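Below is one structure, written out as structure tokens; comments come after it.
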Amino acid sequence: MAEKVRIADIHKYEGQEVTIRGWLYNMRSSGKLRFLLVRDGSETIQCVVFKKDVSEATFADTDQLTQESSIVLTGVVSADERSPLGYEIQVKTLQIVQLADEYPISKKEHGVDFLMDHRHLWLRSSKQHAILRIRHEIIRAAQEYFNKEDFILVDSPVFTPNAAEGTTTLFETDYFGSKAYLTQSGQLYAEAGAMAFGKVYCYGPTFRAEKSKTRRHLTEFWMIEPEAAFFDLDDDMQLAEEFVSHIVQSVLKNRQPELQTLERDTSKLECIKPPFPKIHYEEAVDILKKNHIEFRHGDDFGGTDETVISEQFDQPVIVHHYPAAIKAFYMKRDPQEPQYALAMDMLAPEGYGEIIGGSQREDDYETLLQRIREHNLPEDAFAWYLDLRKYGSVPHSGFGLGIERTVAWIAGIQHIRETIPFPRTLQRLNP
RNA sequence: UCCGGCGUAGCUCAAUCGGCAGAGCGGGUGGCUGUUAACCACUAGGUUGUAGGUUCGAGUCCUACCGCCGGAGCCA
């Protein structure tokens, strides 16, 4: 009985008979020869069927095979220079598990909309494999970093009774007769966690009902949000830069083949090491002025503005001290210059935009209550949040990192919709 | 919501000035003992997004609608 092996491990079995289980990626035939390209999720390998080496029934079976038919085959592993993997399998027996119907995704070009309609099948192709493996590595490395730094995972709820920030449109749902909203951030709950555990993070999906139609937007995206007690804005920025460089270096270390598949210029990633450049909002505005960009002082930066600012640097750049007027109610103001919030955004290089938004939080009860009133937010819904300022309030800070934008940047993908298995956008809820 | 673009075979596209709707891939049949998006021959496959209009004649021009894509605003 041949050992069942993953194709990724095939190099350990040269000269031995093995069984692999997978799907037919492609087949080429040449008279009495059949070349089956078989993938099993871990890798793809060419399997050679010689008519004289197999039974007549087995050889006849290969003629029926269609793209993506599921098969189990047994054969001997042999080294071969002509194979991209370095090995191929000389087939002895072949079992068809299921003969696939005509497969909609051919090896030629397809449009994005067609591929997205078949996203459940598109995930099988090599480019999507590479992207999602990099996504996996980014999430793994992010959790590894927080674990190493003694942050505790304290997840936030998805159903919430109120908006974290009054401005953004929320998805409304019926919650047994009353209204509930899908969360747009786990931050407020992470703050409660930080007061309980000191250092925490949450990781989960977040939802924005904004009608944004750009390559940087999804209606459902994943965010990882650390929050730490006794952290000021400087501590927060230092955490952010060390966290992001750990993620980039982990991808470089563990996902080289995937980066090559995507033809990513890794020299742009190798230089990502702390410290990152940190500039005041006013310095960022000066950069826009020098580049003759029309910009109204006091506004937030648009997509083009972000690109121009980030192009001045090889590394991600952190912009801090935004005008308080354009920032969320919970952000603490700078005591020296109260017109500025102790806020910071991290902009990814190469025009990939904002990947982190964070701040030091307002920790004074009266000030926070006043902000809630100024923003016309329901006081009773925030009673528990205000409690955090009544029972041992301390300076604290945190940030949120958008997973999909980070994947797009590190993997070098133009459009964010390919960085998540099943994207949800303004126009797409299926599959 | 606003601005711009595109809808032709299962898929990706072509069709000159308004004049017989085509190719490649995929499917089917046959051939080939080392193929690398294999190749060769033959073959099936169409309400040109929908509705109306102009014209001897519309894939092509006009109007409306529908769908999708890109960008702006807003944000991670």
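To find a chain, count down the sequence lines: A is the first, B the second, and so on, and within it residues start at 1. Note that these values count all heavy atoms, side chains included, but never hydrogens, waters or copies made by symmetry. No experiment lies behind these values; they were computed from the predicted model shown.
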Donor-acceptor pair, A/N291 side chain versus A/L288 backbone, under 3.5 Å? no
Does one side chain, of A/D80 or A/S78, offer a donor that lies under 3.5 Å from an acceptor on the other? no
Need one value for A/I356: base, sugar-phosphate or nothing, where a base atom within 4.0 Å counts as base even if backbone is also close, heavy atoms only. sugar-phosphate
Nearest whole angstrom, please: distance from the P of B/rG26 to the CG of A/D101. 18 Å
How many Å lie between CD on A/E225 and C1' on B/rA76, as a whole number? 9 Å
Please report the C-alpha distance between A/W222 and A/T419 in whole Å, then the side-chain angles of each, then the deciding distance to 0.1 Å, and finally whether the side-chain contact (heavy atoms from CB on, under 4.5 Å) criterion is met. CA-CA 11 Å; A/W222 290 68; A/T419 64; over 6 Å; no
Tell me whether A/F221 and B/rA76 count as stacked here, given that the ring centres must be under 5.5 Å apart and the planes must differ by less than 30 degrees. yes
Classify the nucleic acid contact of A/S29 as base, sugar-phosphate or nothing, counting any heavy atom under 4.0 Å across all strands shown. base
Rounding to an integer number of Å, can you tell me how far A/E418 CD sits from B/rC69 C1'? 14 Å
Name the nucleic acid region contacted by A/R417, choosing base, sugar-phosphate or nothing; use a 4.0 angstrom heavy-atom cut-off, strictly under. sugar-phosphate
Interatomic spacing from OG in A/S397 to CG in A/L342 - rounded to 0.5 Å: 8.0 Å
Under the 3.5 Å rule, do the base of B/rC75 and the side chain of A/H217 count as making a donor-acceptor pair? yes
Within the structure shown, what part of the strands sits under 4.0 Å from A/E88 by heavy-atom distance: base, sugar-phosphate, or nothing? base
Atom CD1 of A/I416 to atom P of B/rC69: distance rounded to whole Å? 15 Å
Atom CE of A/M27 and atom C1' of B/rG27 are separated, to the nearest Å, by 13 Å
Classify the nucleic acid contact of A/F50 as base, sugar-phosphate or nothing, counting any heavy atom under 4.0 Å across all strands shown. base
B/rG70 phosphate, OP1 or OP2, under 4.0 Å from A/R215 side-chain N/O: no
Quiz question: going by heavy-atom distance under 3.5 Å, is there a donor-acceptor pair between the base of B/rC32 and the side chain of A/R28? no
Using whole Å, report how far CZ of A/F114 lies from P of B/rC25. 17 Å
Rounded to whole angstroms, how far apart are OH on A/Y203 and P on B/rA76? 17 Å
Give a yes/no answer on whether the side chain of A/H110 brings an N or O atom under 4.0 Å of OP1 or OP2 in B/rG10. no
Rounded to whole angstroms, how far apart are CZ on A/R208 and C1' on B/rC75? 6 Å
Does the pair A/F207 and A/F221 meet the rule for a side-chain contact (heavy atoms from CB on, under 4.5 Å), with working shown? CA-CA 7 Å; A/F207 308 86; A/F221 64 98; over 6 Å; no
